[in-house]
Amino acid sequence: MDKILRINMGPGGEPTSRTEAVGDYAGLGGRGMTSAIVAKEVPPTCHPLGEDNKLVIAPGLLGGTTGAMSGRGSVGCKSPLTGGIKEANSGGQPAQMLGRLGYAALVLEGKPKDDTLYMIRISSDGVEIKAAPALKMKGNYDTVENLKNEYGDKVSCISIGQAGEMKLASATVAFTDMEQRPARHAARGGVGAVMGAKGVKAIVIDDTGASMRSPKDPEKFKAANRAFVDGLKKHPVTGQGLPAYGTNVLTNVVNEAGAYPTYNFKTGRFDGASAISGETQAETITARGGKATHGCHRGCVIRCSGIWHDKDGHYLTKQPEYETVWSHGGNCGISDLDTIAMLDRLDDDYGVDTIEMGATIGVAMEAGLVEFGDAEGAINLVKEVGKGTPLGRILGSGAAVTGKAFGVERVPVVKNQSMPAYDPRAVQGMGVTYATSTMGADHTAGYAVTANLLGVGGNVDPLTPEGQVELSRNLQYATAAIDATGMCLFVAFAVLDQPETFQAMIDMINSFHGLELTGDDVTALGKKITKMERDFNTAAGFNKTDDRLPDYFRKEALAPHNVTFTVSDDDLDTVFSDL
Amino acid sequence: MGTTDIGSEDRIEMTAPGGAHGIFSGISGFGFLIDAPPGASIREMLKDIIGLDDDYIRDSIGTILYNGKPVDDMDAWKIGKNASIAVSAALPGVFGAAFRKQGKYAGLRPVCDQDNSSPGEADPACENEKPSVVLKLFNQSDRDIAPGLLANGVRMTAKSFCAFWENRLRLTGPANIRIGLNGRPVAPEALCRGIETSSVLVRLRSGDA
């Protein structure tokens, strides 16, 4: 991966491509690569849908290798949703294929001269860019079916649905999975709208003839990879809980703890939680002939994904993730897994973020557009987005816009991005991360629970407010570093609990690249990425008042434990005081 | 594991090939009613009433919630009236780390002391019946523990059982199973209409459907 492919969509009227050496960006991958390019090359005050914004797609440092869990791809740009820097990542096959073709990044630049819609094919033979009028306003599933018919079933695809073409702020970039379905998404922050603004409907990646990337020290890499896989398989979370139940394993417990945002964050418990839990979901999938244990890309050994069949035993969508089940389920008062699966399918097809869409429907329900618990009403609202009606365009612009359009005060967003499925009043440290993340409210921003192992910031007492701030900061640095590797964040638990698994992960990177990185170096990488992102946001106009939760989280007590968010603004302002 | 005495509840008997637990996967998340002596510690309940051994409790249980609050010291927390106790294997993510028993990331959640004023989950309709704890077993804990409890017979509120059963019927149908209510065969769809008591005794047997 020593080259960057740049495609300018508009110079002189026609798109052009050029390949250049990775240069100053050498040694970066995933979120490290996307944020570095955006921070250096995109004017922070530019319009996110304008010609100066860039859409960067990058495999991780181990993308295209035989390394386990390393197939995630990052998508970065200035976000149309938050107005700040954005990185969203996805599983699926495209990042592995880009890596095998030698690309450390693909950068879409400029703006097309008119509303011509393009598709791009990248292969060992080069780059082909052509108009694709037949794909106009098609959903992701139809788009990929068309591309499959033309290019075969071995290619992978990156695409946008109708939402991306309409440049809606909740639009995603879809990545095809192992079955060539557009079911994996770089979902957050409206990255799909930026791809739509570039006039690119789809990117086909054909790695025919390309081989796996070769490590500098093959024997060491092989041994480290084996140790890493062994560590993942023996850990109860990555070897047992996630494969059996998927991420939705969390529903019952988060609900029981009173941390499950319900009825647009009004209460912390949902009576129907067990009916939509991971346990119920896994049994239903198995009974209908789907797959309850399934990897979202080759090389995944955790296999927390799955395949959901409808009542007739036909494929409908991938197994909805915990966040999706929550956003369209408890958050909207819906306790029917079939409805949630249908909403997931529609979201994936139109290409909208399931978290943002579910939160938006919750706000719409609060506004009285439909009642909480109205499954058919929720489906009809999402269909409005696909049809591009005026109402649909408002909803597709996210919860913040919808709240403004319908006069709703209780809108659960930070930096305009909807909160995920943990109420910050019940998990205060999560609230610190929601408030201060460079990405807007994002549970994955502080996901990699490796702080103690990485030793960032010394030893703090996590039971003090200072400790909570410290933990959030350390988690955000660690997560940024993991995101740069292209590894799935779910490796974090095994890495946290098993020092030998953490060492194996470092050994994989070192033996592949011929490096001598230590835990401190990995930490420094995470800190460097976070600083780039903070600096971009500051230049874009963000200040400390943007690092806040909405007021009502401090004023409205959350049942059943009657807790409010209590971390002070002063403490929030210290989260990144070391940058 | 202790067997629950058959009392005045409606008795539901399910017979499935091999005592297959599959169709009951997740049932314990809806809440089992367990008779537990007031004042017993959570550890005592898990060991003496449920029948778990020390190794399982130490190695396989990641999170315990008492009335929704995370428990770090299961010897110190005593069982009160109408308590709800949830048991889970290790969980992913920041939430899993924060709510893990004696976890080093406990700082990410509020500090909790036992507070018996928090309401339990027992159905008020059952308050005059046997003193019970609502036990919820999640994920791997459900797979490991629930089959034994079901084989011996376990009590549930009728409301909780029917919430489980009707959801299961809606999603997957009754599958290959024979159902008896108070000793009489009953159609799956008619089961909940035939229940007349506020709590039920559910037993899963192995046999031909």
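Lettering follows sequence order; numbering is per chain, from 1.
- A donor-acceptor pair is defined here as one N or O able to donate and one able to accept, closer than 3.5 Å; no such pair exists between the side chain of H443(A) and the backbone of F95(B).
- In the displayed structure, E189(B) atom CD is contacted under 6.0 Å by more than 12 heavy atoms of other residues, nucleotides or ligands.
- Both the backbone and the side chain of L91(B) come within contact range of chain A, judged by heavy atoms closer than 4.5 Å.
- Residues E279(A) and S28(B) have side chains that never bring a donor and an acceptor to within less than 3.5 angstrom of each other.
- The local environment of CE in M74(B) is crowded, with over 12 non-hydrogen atoms from other residues, nucleotides or ligands closer than 6.0 Å.
- Of all heavy-atom pairs spanning S25(B) and E283(A), the tightest one is CB-CB, 3.9 Å.
- Within 6.0 Å of CG in D271(A) there are 12 or fewer heavy atoms belonging to other residues, nucleotides or ligands.
- Contact annotation: the side chain of V253(A) approaches that of N139(B) to within less than 4.5 Å [non-hydrogen atoms, C-beta and beyond].
- Proximity to chain A involves both the backbone and the side chain of R170(B), based on heavy atoms less than 4.5 angstrom apart.
- Side chain of N252(A) to backbone of G29(B): no donor-acceptor contact under 3.5 angstrom is found.
- Of the residues considered (A275(A), A244(A), A287(A), G241(A)), A275(A) shows the highest number of contacts with chain B, using heavy-atom pairs under 4.5 Å.
- Between L250(A) and P92(B), the closest heavy-atom pair is CD2-O, 3.8 Å.
- Taking N255(A), V254(A), T238(A) one by one and counting their heavy-atom pairs under 4.5 Å with chain B, the maximum is reached by V254(A).
- In this structure, chain B has a heavy atom under 4.5 Å from the backbone of S335(A), while its side chain stays farther away.
- Of the listed residues (G278(A), P236(A), A257(A)), the one with the most heavy-atom contacts under 4.5 Å to chain B is A257(A).
- Using a 4.5 Å cut-off between heavy atoms, A259(A) touches chain B through its side chain atoms alone.
- The NZ atom of K311(A) sits 7.0 Å away from the CG atom of L171(B) when rounded to the nearest 0.5 Å.
- Neither the backbone nor the side chain of S277(A) comes within contact range of chain B, judged by heavy atoms closer than 4.5 Å.
- Residues T284(A) and R168(B) share a closest heavy-atom pair of OG1-NH1, 3.6 Å.
- Looking at every heavy atom in both residues, S84(B) comes nearest to E256(A) through OG-OE2, 3.0 Å.
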